2 protein chains.
Amino acid sequence: MSPRAGLDRRTLVIAAAEIADHEGIEAVTLAALAKKLGVRSPSLYNHINGLQELRTQLAIYGLSELSNAMNNAANGFSGDVAVQAMGRAYVDFARSRPGLYETTLRAPEQANMELEKASDHILKLIIDVMKDYHLGEEGEIHAVRGLRSILHGFASLEQKGGFGMALDTNVSLSRLISSYIAGIGNMKSK
Amino acid sequence: MSPRAGLDRRTLVIAAAEIADHEGIEAVTLAALAKKLGVRSPSLYNHINGLQELRTQLAIYGLSELSNAMNNAANGFSGDVAVQAMGRAYVDFARSRPGLYETTLRAPEQANMELEKASDHILKLIIDVMKDYHLGEEGEIHAVRGLRSILHGFASLEQKGGFGMALDTNVSLSRLISSYIAGIGNMKSK
DNA sequence: TATTTAAGCTAATACCATTAGTTTTTGTGG
DNA sequence: CCACAAAAACTAATGGTATTAGCTTAAATA
């Protein structure tokens, strides 16, 4: 059946991300991944160092995809428009890749350079877009924390079905961002 | 060793919550719980229907504890003060019971009446505190979604070590809430 | 006190990750 | 073209997990 499957780490990670999106993050097991790839699970160890490393790689991949989406969305805009676009892109990413999105927030364990780099990159994108509001050094940090909280909280609750009612969630998101930005002066250290 | 351990479901859930808080949510296994309680794991099935039900019960327990904390904090206050107090209580709960807090957002699976009730109770607390802002029927729903997003996002990111820098996170939280409330008019449907 | 019920137990099954050791394919140097 | 070395697959085995079945015994009750 298999004179060589021709796997590599990238293939593994992409396939694992598909499992995460379609069957949930709990279904990402080496056994399931091996079956999807037509291989026995010990064979995966030729390409990746075990489940934990797979999860770390998923997080890195997810963060990089998320970065791209946010960057594309906000590129060329500034101020409120940029924030709204970036926020919408963030949430849309979580919607379209729910499993992959979840993996981005589930890989602390031991530090990993590549992972920190991917995480820092997103942070930079958010910092950039907050610069327009001239909040000062500290104010800016608080404001970035705030925006990240908003986006992650919204994406996460929506994903878990936390917003039961029928009311349009896109409206909720854009108004949430508007409200936050409208009061952004409160982030300044006085 | 054990002429009867005298277990019941509540004992199981409380012990499981301790494991979650002290060793992480991944460490909540029936094997670990049984060991902690001085019993063999099949014995747990006399009190609970398996790991999934344990998780559901943990979520219910966590939501109920969280409700209490939020209610105690906001009780007697209104407006900005109430929102700040409730927000602080929410985040403090997540800080002091990190594992139990996580379980509250990890039990969709098949619906469970008791779980929905616990969840609705928290929703009601948040709705109450938003009523002071007179946002109209729809506006209120959007506003509640917003506040929940803020609180969950903040608690979750802080827990995962997402706020790397040394800057005081309590300040970040209170300013985040202030900013949101300052712009809350944007939640109204015009 | 006899009996029933429920809470514990052991044994067994099935699935998972991981390691060790083996086979086989593939690419490369002669 | 052939030999060989490296890499990628494999099988087998270990130890951990949840769960089920069936047994034993303590506790409650009639």
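Computed from heavy atoms alone, side chains included, the values below leave out hydrogens, waters and symmetry copies. What you see is a predicted model, and the numbers here were worked out from it, not measured in a lab. In what follows, every chain begins at residue 1, and chains take the letters A, B, ... in the order their sequences are listed.
- For the pair Ser43(B) and dC9(C), the criterion of a side-chain N or O lying under 4.0 Å from OP1 or OP2 is met.
- Applying the 4.0 Å criterion to OP1 and OP2 of dA9(D), one finds that Arg40(A) has every side-chain N and O outside that range.
- The interatomic distance linking Arg55(B) (CZ) with dT17(D) (P) rounds to 13 Å, in whole Å.
- Checked by atom type, the side-chain pair Thr169(B)/Arg145(A) shows no donor-acceptor distance below 3.5 Å.
- Taking the six-membered ring where the residue is Trp, the centroids of Phe154(B) and Tyr90(B) are separated by 6.0 Å or more.
- A salt bridge links Arg95(B) with Asp92(B): the distance from a Lys NZ or Arg NE/NH1/NH2 to an Asp or Glu carboxylate oxygen falls below 4.0 Å.
- A donor and an acceptor atom, one from each side chain of Ser178(A) and Gln84(A), are located under 3.5 Å apart.
- One finds no side-chain N or O of His47(A) lying less than 4.0 angstrom from the OP1 or OP2 phosphate oxygen of dA7(D).
- Rounded to whole Å, atom P of dA18(D) lies 14 Å from atom CG of Asn49(B).
- A straight line from CD1 of Ile48(A) to P of dA8(D) spans 13 Å, rounded to a whole angstrom.
- Contacts of residues 20-35 of chain B with DNA chain D (heavy atom under 4.0 Å): Thr29(B), Leu30(B), Ala31(B).
- Summarising the geometry, the separation between CZ on Arg9(B) and P on dA6(C) is reported as 16 Å, rounded to the nearest angstrom.
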Tell me which donor-acceptor pairs under 3.5 Å the side chains of residues 39-51 of chain B have, and how far apart each pair is, sequence neighbours excluded?
unit_1, atom_1, unit_2, atom_2, d
Ser43(B), OG, Arg40(B), O, 3.2
Asn46(B), ND2, Ser43(B), O, 3.4

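- One can place CG of Leu7(B) at 9 Å from C1' of dG8(C), the figure rounded to the nearest angstrom.
- Between the side chains of Tyr133(B) and Asp80(B), at least one donor N or O sits under 3.5 Å from an acceptor N or O.
- Side-chain N/O atoms of Tyr45(A) include none lying less than 4.0 angstrom from OP1 or OP2 on dT19(C).
- The residues Glu53(A) and Arg9(A) are annotated as salt-bridged, a charged nitrogen and a carboxylate oxygen being separated by less than 4.0 angstrom.
- The CG atom of Leu12(B) sits 13 Å away from the C1' atom of dG8(C) (whole-angstrom rounding).
- Leu37(B) places its CG atom 11 Å from the P atom of dC9(C), with the value rounded to the nearest Å.
- One cannot find a donor-acceptor pair under 3.5 Å joining the base of dA7(D) and the side-chain atoms of Asn46(A).
- For Leu51(A) and dT17(D), the CG to P distance is 15 Å, given to the nearest whole Å.
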